[in-house]
There are 2 protein chains.
Amino acid sequence: MTLKQLRLLREIDRQSLNLSAAALALHTSQPGVSRQIQQLERELGAELLLRRTNRILGFTELGRAVLRSAHRLLDEMENITRIAADARDERGGRLTLATSHLHARYTLPEPVRAFSERHPEVQFQLLQADPDDIQKLVESGDADIGVSTEFAREHPSLVQLPGEALRRSAIMPRGHPLSRRRRLTLADFAAYPLVSYHPRSRGGQMITEAFTAAGISARHVVSASDSDVIKAYVAKGLGVAIVPSIAIDPRADGALHAVDVTRLFPESRMTISLRHGVHLRRYLTDFIAMVAPRLERAAVARAMQAGG
Amino acid sequence: MTLKQLRLLREIDRQSLNLSAAALALHTSQPGVSRQIQQLERELGAELLLRRTNRILGFTELGRAVLRSAHRLLDEMENITRIAADARDERGGRLTLATSHLHARYTLPEPVRAFSERHPEVQFQLLQADPDDIQKLVESGDADIGVSTEFAREHPSLVQLPGEALRRSAIMPRGHPLSRRRRLTLADFAAYPLVSYHPRSRGGQMITEAFTAAGISARHVVSASDSDVIKAYVAKGLGVAIVPSIAIDPRADGALHAVDVTRLFPESRMTISLRHGVHLRRYLTDFIAMVAPRLERAAVARAMQAGG
DNA sequence: CAACGTTACGCTCTTCGTAAAGATG
DNA sequence: CATCTTTACGAAGAGCGTAACGTTG
């Protein structure tokens with residue numbers, strides 16, 4: 001068994017059982033791939049791939065099991081190269097970040113700028129995605145780090161680090177009747193149409209649940225997936241909305257009046273997610289420190305070692 | 001990077017930095033070992049070993065980090081061979097079991113006999129050890145399975161499967177004053193010296209804590225580490241004791257009177273511990289089924305996949 | 001016949017073991 | 001000087017790519 005063989009097996013899966021494509025992807029020849037897999041099969045004493053005369057139909061049960069192990073094994077191998085690159089004190093590298101619209105637009109621009117200034121050699125890549133995809137990207141290693149609110153479902157291979165609590169504000173056009181109230185309650189919103197998040201998003205769910213729990217039926221006029229769209233409709237007078245306070249820019253959003261309503265909803269936090277057990281390159285811990293200064297390097301490292 | 005290089009690195013650690021010994025252990029030549037490590041160092045671009053002209057003084061910080069990863073990686077590799085051996089439906093293999101005196105002596109003899117009859121080709125090895133060592137043996141992979149009571153401290157790489165609840169009985173010589181009582185309380189024991197487990201053991205701690213919590217100071221006359229010794233002293237009239245009910249053999253222990261006192265102490269269970277993520281060979285799940293029939297194969301497999 | 005996997009063949013490069021050298025306590 | 005690591009060298013072997021072959025849709 002060699003690392004090359006396992007890498008090939010993984011690539012064959014990625015290329016949906018096309019050996020030629022796998023060979024191309026790994027810069028080698030088709031016959032080489034074919035032979036390496038045969039050799040692995042001979043060593044293990046059982047077939048990994050289901051074949052029908054020069055055609056590959058799928059993985060055997062064993063093949064799938066080996067594939068799962070191969071993934072873990074190769075992840076660990078890539079971890080070693082990461083550790084070494086860090087030890088060499090190499091400046092270069094990549095940082096792939098998966099995040100939601102909210103953080104991409106409002107939380108991260110400044111930390112990302114600061115990071116790029118400090119680590120100009122690091123290729124920074126931002127992937128905007130919805131919560132489910134963020135989670136998948138981090139789990140699979142396609143993203144090094146996720147920035148979002150808490151994930152609904154836990155996963156053993158994920159480490160979630162709680163960051164700043166998220167404040168929420170109700171927004172409405174200036175001069176709106178609600179803007180004269182000192183202290184708003186959920187019931188106050190019942191009289192006005194609500195410009196809300198798409199229910200698929202975490203923020204949308206939470207707000208809907210809060211209204212339902214209070215026995216108040218809110219009338220939704222627009223379901224958008226990001227706060228910029230929501231603000232635009234509120235500014236046009238279509239209704240009121242509840243958005244994270246960081247999404248409000250006092251200067252740019254002069255047409256809007258905002259009232260803090262954090263206390264009306266369950267607490268929610270910006271959350272940094274990482275894959276359990278992966279070595280954190282120095283620039284990555286630097287980045288974390290920029291996004292969530294309260295998370296110390298040591299605390300992060302500890303969380304990565306302990307149970308995921 | 002090759003598996004061979006990582007295997008060598010692990011062996012060098014095991015042989016406390018002696019390359020010659022590592023070469024011997026892995027059936028190769030010293031120069032080969034030396035070159036392979038140099039090659040790995042060249043590829044990683046940094047040194048793994050601290051050298052002083054033809055002498056190896058230790059691991060570098062990087063070396064230790066790589067070693068940790070290498071362990072995980074090689075464990076996964078061995079896992080693949082295990083999976084394959086299982087897929088080949090091979091009958092042979094080894095089963096190393098770490099367990100405490102109690103289970104070795106009373107719970108396991110029959111399951112082990114049945115197992116050996118069903119899987120005569122499997123080399124069965126039983127390691128008797130105290131709880132801490134059982135945990136370490138399973139964590140390190142030196143034992144495939146542990147049978148004991150729950151471990152005090154959790155560990156992410158361990159999976160603990162709860163088995164049968166443990167019943168406890170008070171034992172005393174026949175004709176002892178307590179033997180006339182119908183229903184015993186902790187306070188009843190205060191008047192008599194206690195033959196107890198060594199406080200290091202889990203059973204000993206639990207019993208001591210129960211007395212302390214009830215505000216009763218028990219007088220310990222003998223601290224033994226297994227129930228056979230305890231029974232012998234109780235039979236000699238040195239005091240009363242609380243032991244797992246399974247340790248009492250009505251025929252062999254005719255000189256003793258036993259009263260069930262399970263309800264006086266916190267619940268405790270026989271617990272099977274496995275290493276997280278390791279493939280369970282068929283004979284191992286067979287063995288688990290024999291020891292704890294309530295644990296279904298599927299449930300065990302699920303626990304191994306989910307968070308450790 | 002186009003696409004794909006397997007087999008055949010010749011070449012290169014790696015890797016291994018033996019032997020020798022260098023260094024240390 | 002015994003022990004241990006590194007360097008040198010020659011031989012064996014593994015792995016690769018090109019080319020050819022066989023099959024399938």
Side-chain angles (χ1 to χ4, degrees), chain A residues 1-60 62-64 66-67 70 73-74 77 81, chain B residues 1-60 62-64 66-67 70 74 77 80-81:
Chain A
M1 191 184 319
T2 67
L3 291 173
K4 190 175 303 183
Q5 290 163 353
L6 299 175
R7 237 190 315 258
L8 282 172
L9 198 69
R10 182 178 66 176
E11 195 60 38
I12 289 171
D13 179 45
R14 284 185 178 157
Q15 303 288 346
S16 34
L17 304 167
N18 186 328
L19 295 206
S20 315
L24 203 64
L26 297 182
H27 311 294
T28 182
S29 64
Q30 290 103 332
V33 175
S34 187
R35 259 176 292 139
Q36 287 293 337
I37 296 298
Q38 287 170 357
Q39 198 160 326
L40 181 56
E41 288 178 318
R42 229 179 309 129
E43 180 180 339
L44 296 180
E47 304 219 313
L48 298 171
L49 298 176
L50 288 167
R51 298 169 163 87
R52 194 174 66 200
T53 45
N54 293 0
R55 197 108 329 185
I56 287 174
L57 303 175
F59 282 92
T60 61
L62 169 65
R64 272 192 299 277
V66 172
L67 184 63
L73 194 153
L74 293 169
M77 190 212 69
T81 66
Chain B
M1 191 183 321
T2 67
L3 290 173
K4 190 176 303 187
Q5 288 164 354
L6 298 176
R7 238 190 314 257
L8 281 172
L9 198 69
R10 181 178 66 175
E11 195 59 38
I12 288 171
D13 179 45
R14 285 184 177 158
Q15 303 288 346
S16 36
L17 303 166
N18 186 328
L19 297 204
S20 316
L24 203 62
L26 297 182
H27 310 294
T28 182
S29 65
Q30 290 103 333
V33 175
S34 186
R35 259 177 291 139
Q36 288 294 338
I37 296 297
Q38 287 171 357
Q39 198 160 325
L40 180 57
E41 289 178 319
R42 229 179 309 129
E43 180 180 340
L44 295 179
E47 304 219 312
L48 298 170
L49 298 176
L50 288 167
R51 297 169 165 86
R52 196 174 63 202
T53 44
N54 294 0
R55 196 106 334 181
I56 288 173
L57 304 175
F59 282 92
T60 61
L62 169 65
R64 271 191 300 274
V66 171
L67 185 62
L74 294 170
M77 189 212 69
I80 291 178
T81 65

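Below, chains carry the letters A, B, ... as their sequence lines are ordered, and counting in each starts from 1. Computed from a prediction, not measured in an experiment: that's the story for all the values here.
For the residue pair A/A70 and B/I80, the shortest heavy atom distance occurs at N-CD1, 4.3 Å. Contact between B/A46 and B/L62 at its shortest, heavy atoms only, is CB-CD2, 3.5 Å. For B/I37 against B/Q5, the heavy-atom pair with the smallest separation is CD1-O, 4.3 Å. The minimum heavy-atom distance linking B/M77 with B/L3 is given by the pair SD-CD1, 3.8 Å. Nearest heavy-atom pair across A/R10 and A/L67 is CA-CD1, 3.8 Å. Here the shortest heavy-atom pairing between A/G58 and A/L17 reads CA-CD1, 3.5 Å.
Taken over five-pair windows at either terminus, the axes of the helix from C/dC1-D/dG25 to C/dG25-D/dC1 are inclined to one another by 30° (rounded to 10 degrees).
In terms of position on DNA chain D, the residue among A/G32 and B/R35 whose nearest nucleotide sits closer to the 5' end is B/R35.
Applying the side-chain contact (heavy atoms from CB on, under 4.5 Å) rule to A/A22 yields the partners A/E11, A/I12, A/Q15; only residues at least two apart in sequence or on another chain are considered. Partners of B/Q30 by side-chain hydrogen bond (donor to acceptor under 3.5 Å, both in side chains), not counting sequence neighbours: none found. With sequence neighbours left out, B/L50 forms a side-chain contact (heavy atoms from CB on, under 4.5 Å) with B/L57, B/T60. Residues passing the side-chain hydrogen bond (donor to acceptor under 3.5 Å, both in side chains) test with A/R7, sequence neighbours excluded: none. For A/R64, there are no side-chain hydrogen bond (donor to acceptor under 3.5 Å, both in side chains) partners, not counting sequence neighbours. For the side-chain hydrogen bond (donor to acceptor under 3.5 Å, both in side chains) test, residues two or more places apart in sequence or in another chain that qualify with A/E41 are A/R51.
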Write down the protein N/O and nucleotide N/O pairs, taken from nucleotides 22-25 of chain D, whose separation is under 3.5 Å; answer none if there are no such pairs.
{"from": "D/dG22", "atom 1": "N2", "to": "A/N54", "atom 2": "ND2", "distance (Å)": "3.3"}
{"from": "D/dG22", "atom 1": "N3", "to": "A/N54", "atom 2": "ND2", "distance (Å)": "3.3"}
{"from": "D/dT24", "atom 1": "OP1", "to": "A/T53", "atom 2": "OG1", "distance (Å)": "2.7"}
{"from": "D/dG25", "atom 1": "OP1", "to": "A/R52", "atom 2": "NH2", "distance (Å)": "3.1"}

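The salt bridge (charged side-chain N to carboxylate O under 4.0 Å, His left out) pairs that include a residue from residues 20-31 of chain B number zero, where partners must be two or more places apart or lie in different chains.
Applying a 4.0 Å cut-off to non-hydrogen atoms, the residues of residues 7-26 of chain A that approach DNA chain C are A/L17, A/N18, A/L19, A/S20, listed by residue number. Non-hydrogen atoms lying under 4.0 Å from DNA chain D are contributed by B/Q38, all within residues 36-45 of chain B.
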Item to check | Verdict with supporting geometry, B/F59 and B/L9, side chain to side chain contact (heavy atoms under 4.5 Å, CB included) | outcome: CA-CA 10 Å; B/F59 282 92; B/L9 198 69; 4.0 Å; yes
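Boundaries of the chain B contact region on DNA chain C are C/dT15 to C/dG25, first to last in 5' to 3' order (nucleotide atom under 4.0 Å from a heavy atom).
Here the side chains of B/L44 and B/M1 are in contact, with some heavy-atom distance below 4.5 Å.
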